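Per chain, numbering begins at 1; letters A, B, ... match sequence-line order. As the structure is a computational prediction, the values presented were derived from the model and not from experiment.
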2 protein chains.
Amino acid sequence: MPLHEHPAATDAARELIAARGGRVTRTRVAVIQALQRSAHPLSHDELGAALDGAGIAHDRVTLYRALDWLVEQGIAQRIAGGERAWRFEIRRDGDHRHAHFHCERCGQIVCLEDVSAAAPTLPAGFAVARAELVLHGACADCGREGVERKER
Amino acid sequence: MPLHEHPAATDAARELIAARGGRVTRTRVAVIQALQRSAHPLSHDELGAALDGAGIAHDRVTLYRALDWLVEQGIAQRIAGGERAWRFEIRRDGDHRHAHFHCERCGQIVCLEDVSAAAPTLPAGFAVARAELVLHGACADCGREGVERKER
DNA sequence: AGTCTAATGCTACAATGTTGCATCAAAAGC
DNA sequence: GCTTTTGATGCAACATTGTAGCATTAGACT
């Protein structure tokens, strides 16, 4: 059992899962909590590290499948980031259509809560399910003068 | 030598390359032409097929490197599409910051020429180099009633 | 034609996901 | 509480997408 687990947060995660008729498993609970605690979207790798940190055994495939399920259920959402790997974040109430900033120096993805992708006019017949706006550049930390470029 | 090659288009591509001080090679010329001819951004795979069709021998690595060079030189640009693989398109005059539409049924990427990603207000210190706006949904063909869902 | 070196084409590898299948354990029934 | 059922897991093997190192080829220049 993970040390110092917060009961209230755990219960919220468990309910979120049970409400969808899914089985409440260590992996799913831990993934939801990790996503909820994080200020920015997490990659599969970062989530794996979080599970390790929580003392929860898992394997790559299990994590992929847990994430697939969460996305399918609308609990989490997948975003495309700047690199090849997907990143995941919890879907907050409402549509939560915020934009993301990808720092090309440190690789970090930051949520831009108050920036939303405007739905533009489209050719006839096109139906938009969701819009993804990603800004690429240098974040506040990396953009400062004198800051060493981090290897990445 | 490719059959029925259009001399004018070939010359334009050759000049584009030479102007950057690069060597004019079969691969680069063919890649530029394929990108110019295509109405939508092409994946690495699609480009490979195009080269095969033009009777131009190549290998995966060469194609990746040719594309890297074209992007580096500002001749082409990379976009993130809906799937894992990059897609490439020719950079037209000016900044060419148009948006893209990703059809979740047929996987196709369509350029939305007159939709541009609005540069939003950012936290202090953030510098935006480029913005990527991708709309996900169903394209005109796939959205029509009675159209069979294509496997993908 | 000969020289120089950027591009190419291997081979091998790395990163990110996916599939199939036997096993385990969460939820439900007894 | 014990058993059953089946969703979730863990493992092995594979698929896709992209990179690195290095010997060889072929543009460009003389």
CZ of Arg84(A) versus P of dT16(C): gap in Å, rounded? 6 Å
Ignoring backbone atoms, test whether Arg60(B) places a side-chain nitrogen or oxygen under 4.0 Å from the OP1 or OP2 oxygen of dA20(D). no
Once you round it to whole Å, what is the distance between C1' of dT16(C) and CG of Leu67(A)? 13 Å
Students often mix this up, so state it plainly: with edges at 30° and 60°, are the rings of Phe101(B) and Phe126(A) parallel, tilted or perpendicular? perpendicular
Can you tell me the distance, in whole Å, between the CG atom of Leu63(A) and the C1' atom of dC11(D)? 16 Å
Please give, in whole Å, the distance from dG27(D) C1' to Arg28(B) CZ? 10 Å
Atom CD of Glu83(B) and atom C1' of dT16(C) are separated, to the nearest Å, by 15 Å
Enter the inter-axis angle for the ends of the helix from dA1(C)-dT30(D) to dC30(C)-dG1(D) (five pairs per end, rounded to 10°). 40°
Between Arg28(B) and Arg23(B) (side chain of the first, backbone of the second, donor and acceptor by atom type, cut-off under 3.5 Å), is there such a pair? yes
The side chain of Val61(B) is closest to which nucleotide in this list: dT19(D), dT9(D), dA8(D)? dT19(D)
Smallest separation among heavy atoms of Cys142(A) and Arg105(A), with atom names: O-NH1, 3.2 Å
Minimum heavy-atom distance between Glu132(A) and Ala80(A), given as atom pair plus value: OE2-N, 2.8 Å
Can you tell me how far P of dG18(D) sits from CZ of Arg87(B), to the nearest Å? 11 Å
Testing Leu42(A), Val31(A), Leu67(A), Leu70(A) one by one against Phe88(A) for a side chain to side chain contact (heavy atoms under 4.5 Å, CB included), which residue passes? Leu67(A)
For dG9(C) and Arg26(B) - does any side-chain N or O of the residue sit under 4.0 Å from the phosphate oxygens OP1/OP2? yes
dist Ile90(B):CD1 -> Arg37(B):CZ (nearest 0.5 Å) comes out at 11.5 Å
Counting heavy atoms from C-beta on, name the nucleotide in dT9(D), dT16(C), dT8(C) closest to the side chain of Thr62(B). dT8(C)
Closest listed nucleotide, where the reference is the side chain of His44(B) and the choices are dA8(D), dG17(C), dG18(D): dG18(D)
Choosing from dG27(D), dA26(C), dG10(D), which nucleotide comes nearest the side chain of Asp59(A)? dG10(D)
How close or far is atom P of dA7(C) from atom CG of Leu51(B), stated in whole angstroms? 17 Å
Ignoring backbone atoms, test whether Trp86(B) places a side-chain nitrogen or oxygen under 4.0 Å from the OP1 or OP2 oxygen of dG18(D). yes
Between Gly107(B) and Glu83(B), which heavy-atom pair has the shortest distance, and what is it? O-OE1, 4.2 Å
Need to verify one output field. Residue with the more 5' nearest nucleotide on DNA chain D, Arg65(B) or Val24(B)? Arg65(B)
Assign each of Arg14(A) and Asp68(A) the nucleotide of DNA chain C bearing its closest heavy atom; nearer the 5' end lies the nucleotide of Asp68(A)
Taking atom P of dG10(D) as reference, at what distance in whole Å does atom CD1 of Ile56(A) sit? 10 Å
Would you classify Ala66(A) as touching base, sugar-phosphate or nothing, given that sugar-phosphate means primed atoms plus P, OP1 and OP2, and contacts are heavy atoms under 4.0 Å? nothing
Exam field: side chain His58(B) to backbone Ile56(B), donor-acceptor pair closer than 3.5 Å: yes
Using the side-chain heavy atoms of Arg23(B), tell me which of these nucleotides is nearest: dT17(D), dG27(D), dT18(C). dG27(D)
For a quick check of understanding: with a heavy-atom distance under 4.0 Å over all strands, which category does Thr25(A) fall into, base, sugar-phosphate or nothing? sugar-phosphate
